[in-house]
Number of protein chains: 2
Amino acid sequence: MPAPAQTSTAAIVAAGRRLLEERGTDALIMRDVADAVGVRTPSLYKRVRNRSDLVRLILEDVTDELTAATDAAVRATDEATDETTAHSAAADLRALMAVYRGFAHTNPVAYTLLTSPQAVAGATERAERASATLLRLVAQVAGPHDALPAARTLVAWANGFITMELAGAFQLGGDVEQAWHFGMERVLTAIQREPRRHRPRQENAAPGLKDA
Amino acid sequence: MPAPAQTSTAAIVAAGRRLLEERGTDALIMRDVADAVGVRTPSLYKRVRNRSDLVRLILEDVTDELTAATDAAVRATDEATDETTAHSAAADLRALMAVYRGFAHTNPVAYTLLTSPQAVAGATERAERASATLLRLVAQVAGPHDALPAARTLVAWANGFITMELAGAFQLGGDVEQAWHFGMERVLTAIQREPRRHRPRQENAAPGLKDA
DNA sequence: GTCTATATTTCGATAGAC
DNA sequence: GTCTATCGAAATATAGAC
């Protein structure tokens, strides 16, 4: 039996992901990945097509984990309150965003890569499911008419806050944690259905929200 | 007279900035900059220390222009309304953010670089002046007590919106322009002084807001 | 100050033996 | 499947003549 397998695609992806977070995107080099899994560089090319392919696989892995985490957060919150109201939807959004933020703190490099302007193609399909959940919840808070701009407002705020946080852009002191909660509550209030209008409460099925 | 100057630091920075926007950060190579100003690569090193130095100079140039544009926008709005009220401060903020967004649309690569997590050091000092203006205006709208978290909420939303816009992340159709105005008005309302509290109107002098 | 020429470095990717 | 050996492609930066 010549040359048994000494590594696997999963091990390569895991090592690559760890190196990505430890050293940054540009510092992810094939040589180090090979060292990490205990083989020589050329052996990697039996499992991944090239470096771009490896990055794509890493981001798919990250995205799957993020989706699972946010879904779990929403399910856990829903169990605590069995009503489906604007109030519970707001609670779901708080929980979802908190998990989202926590994930970004744990995976700052991957988060930045996922939300960067030249986002790597291919890792986007799976993100649509999580986005659908978000749009559904926002529709319950903001009403179906304003659901899309309201979701964009909330997601823009959250992404912007987290990005600035990771960039170390909050340099004036103050309590960043408090600023997150301040923003969360104010934005949630801001996107609520305007009180003067009386539309029938209607739960719209939401298409995929790539926006998130 | 041997070898008269054929280029200048300003020309190199201008060419570099143009190439940066046209081709992206990574594609900014010294060879192309040299071609653009009509000299050979080694001649660049008489004016700039290295590539990082050139990028730093480019971002300083961009920051100066952005600061001038936002300052001008606020001054123009103040001329139209000579009162200094929460109402006029809100108008100033709308104008400031509109100019900020327009600048990002015109200089997407530089904007991304300025707001990216691994922000290039050195181009930050000059940004503090513009931030001071923003914090002053937000204090007039939100009240001095909540000025800092309110400013962080507004800036996070704007940065997040613009970043997603530039990334092409708004893929569900709808009117992105309307979403900007929706978010702007809702966030402005959200950060307003909460009505139940009656604090004396007091204009706090604002320290530099690197946050923006 | 500008040039030609080249050193240096780094890294992705492949060929072919085992 | 893994290895040794090596190619090839950038790009930065410098040396030294003019």
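Bear in mind the structure is a predicted one, so any value in this text is a computation, not a measurement. Every chain is numbered from 1 and lettered A, B, ... according to where its sequence line falls, protein lines coming before strand lines.
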> So, is A:Ser43 close to the D:dC3 phosphate, meaning a side-chain N or O under 4.0 Å from OP1 or OP2?
Replying inline: yes
> Partners of A:Arg40 by side-chain contact (heavy atoms from CB on, under 4.5 Å), sequence neighbours excluded?
Replying inline: A:Pro42
> Charged N to carboxylate O below 4.0 Å: is that the case for B:Arg56 and B:Glu60?
Replying inline: yes
> Of all residues at least two apart in sequence or in a different chain, which pass the salt bridge (charged side-chain N to carboxylate O under 4.0 Å, His left out) check with A:Asp175?
Replying inline: none
> Which letters describe nucleotides 11-16 of chain C, given B = protein heavy atom under 4.0 Å from base, S = only from sugar-phosphate, - = neither?
Replying inline: SSBB--
> With sequence neighbours excluded, what pairs up with B:Phe161 under the ring-ring contact (aromatic ring centres under 6.0 Å, His included) test?
Replying inline: B:Trp157, B:Phe170, B:Trp180
> For A:Ala15, which residues count as a side-chain contact (heavy atoms from CB on, under 4.5 Å) partner, sequence neighbours excluded?
Replying inline: A:Arg18, A:Ala36, A:Val37
> Nearest of C:dT2, D:dC3, C:dC3 to any side-chain atom of A:Arg40?
Replying inline: D:dC3
>> Test: side chain to side chain donor-acceptor pair (under 3.5 Å). Region: residues 4-16 of chain B. Which pairs qualify, not counting sequence neighbours?
In response: none
> Atom CD of A:Gln6 to atom C1' of D:dC3: distance rounded to whole Å?
Replying inline: 9 Å
>> To the nearest 10°, give me the bend of the helix from C:dG1-D:dC18 to C:dC18-D:dG1, comparing the axes of its five terminal pairs at either end.
In response: 10°
>> Under the rule for salt bridge (charged side-chain N to carboxylate O under 4.0 Å, His left out), what residues qualify as partners of B:Glu79, not counting sequence neighbours?
In response: none
> Sequence neighbours excluded, which residues qualify as salt bridge (charged side-chain N to carboxylate O under 4.0 Å, His left out) partners of B:Glu165?
Replying inline: B:Arg101
>> Can you measure B:Asp35 atom CG to C:dC3 atom C1' for me and round it to whole angstrom units?
In response: 14 Å
